[in-house]
Undergrad: 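The structure that follows is given in the form of structure tokens.
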Protein chains: 2
Amino acid sequence: MPKLAPVTDLIETLKLLADPTRLAIFNLLMQGVQCNCELGDQLGLPMNLISHHLKALRDAGWVNAERDANDARWVYYAINPRALNQLREQLSAFLDPQRIKPRQPKCGPRVDAAASTRVAQRERVGK
Amino acid sequence: MPKLAPVTDLIETLKLLADPTRLAIFNLLMQGVQCNCELGDQLGLPMNLISHHLKALRDAGWVNAERDANDARWVYYAINPRALNQLREQLSAFLDPQRIKPRQPKCGPRVDAAASTRVAQRERVGK
DNA sequence: AATATAATTCAATAGAGATTGAATTATCTC
DNA sequence: GAGATAATTCAATCTCTATTGAATTATATT
């Protein structure tokens, strides 16, 4: 079991987003409120499949569901704006270029006096 | 085949990032240059697996590889800063809250005169 | 109450890709 | 050149989960 602790939160986020169908649904919701059947029509997919992915998005708290006030058979889905912001911040923090620091790899020949000596020796020998 | 065209680029990006092992590798590289064996040690994973994921990251242009100048057996891996910025921008654009527009779902009972009428009628009938 | 509609749930299948182990390549040291 | 070391490549397996089809739930209409 590898040491993945530092990224366990993020991986859940990314796995959720990384499915083509689910991402396409999410993308349509980013254009505004939609109902299940409308999503299915636009993507050419059956309702139960849409439902399945919407459940995953709801369980994660990314999407809110609301029944039609006049006819409760219809359910409208919308992006949860708070969750969207958290998502943005989570990714932005992870990908922050400032995180990259100058660094000496711990393995490999040391780039120090010893190494310089070795190089010098090799060059002499090579001649 | 669903209409996923709008997200085909992004899905490649996300699939690449959404694997726990690969993300852990990426995360270590975000801390600075590392060689294969060092990554394997820290994650407790075999070199060939590390290699496999590094290849995927290199193929995508996210990671650069450079051989040690003194001993070419060692290869050092580092995040490609340009690619990192593109990645950030791609995700940031997709998740931009500004994209969400007010919208009437096209299905469901119309929230218009007809609907109001229906509601009014139902209420009368219900009584 | 009976029928129709929107959506969800459930069980089974199928497919993608991560992991594993072995073989191979490239480079260095002696 | 022979042996050692870092890394990669290859083929086979295993696992996870998206998809599919059928059954079920919830609500509305007549």
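Side-chain atoms are counted along with the backbone in the values below, which use heavy atoms only and exclude waters and symmetry mates. Per chain, numbering begins at 1; letters A, B, ... match sequence-line order.
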Undergrad: Run the numbers on A/Leu84 and B/Ile100 for side chain to side chain contact (heavy atoms under 4.5 Å, CB included), then give the verdict.
TA: CA-CA 11 Å; A/Leu84 181 62; B/Ile100 304 179; 4.0 Å; yes

Undergrad: Taking only side-chain N and O atoms of B/Arg58, does any of them lie within less than 4.0 angstrom of OP1 or OP2 on D/dA7?
TA: no

Undergrad: Any chance you could measure B/Gln90, atom CD, to B/Leu14, atom CG, to the nearest 0.5 Å?
TA: 7.5 Å

Undergrad: Does any donor atom in the side chain of B/Arg99 or A/Asn27 lie under 3.5 Å from an acceptor atom in the other side chain?
TA: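 The criterion, which ignores hydrogens and geometry beyond distance, is satisfied for A/Asn27 and B/Arg99.
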
Undergrad: Using a 4.0 Å heavy-atom cut-off, does B/Tyr77 contact any base of the nucleic acid, only the sugar-phosphate backbone, or nothing at all?
TA: sugar-phosphate

Undergrad: Using only side-chain N and O atoms of B/Ser51, determine if any of them is under 4.0 Å from OP1 or OP2 of D/dT9.
TA: no

Undergrad: Both B/Asn48 and A/Arg22 contact DNA chain D. Which one's nearest nucleotide lies toward the 5' end?
TA: B/Asn48

Undergrad: Which is true for A/Asn36 with a 4.0 Å heavy-atom rule: it touches a base, it touches only sugar-phosphate, or it touches nothing?
TA: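 The answer is sugar-phosphate, as A/Asn36 gets under 4.0 Å only of primed atoms, P, OP1 or OP2.
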
Undergrad: Flag the pair A/Val75 / A/Leu54 as yes when at least one side-chain heavy-atom distance between them is below 4.5 Å, and no otherwise.
TA: no

Undergrad: Please work out which residues in residues 60-67 of chain B have a non-hydrogen atom less than 4.0 Å from an atom of DNA chain C and list them by number.
TA: none

Undergrad: Both B/Leu49 and A/His52 contact DNA chain D. Taking the nearest nucleotide for each, which residue is further toward the 5' end?
TA: B/Leu49

Undergrad: Atom CG of A/Leu17 and atom CD1 of B/Ile11: how far apart are they, to the nearest 0.5 Å?
TA: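 Separation between the atoms: 7.5 Å.
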
Undergrad: Under 4.0 Å from OP1 or OP2 of D/dT8: is there any side-chain N or O of B/Lys55 that close?
TA: no

Undergrad: Looking at every strand, decide which applies to B/His53 at a 4.0 Å heavy-atom threshold: base, sugar-phosphate, or nothing.
TA: sugar-phosphate

Undergrad: Does either side chain, that of A/Tyr77 or that of A/Asn36, offer a donor lying less than 3.5 Å from an acceptor on the other one?
TA: no

Undergrad: Hey, is the side chain of B/Asp19 pairing donor to acceptor with the base of C/dG17 inside 3.5 Å?
TA: no

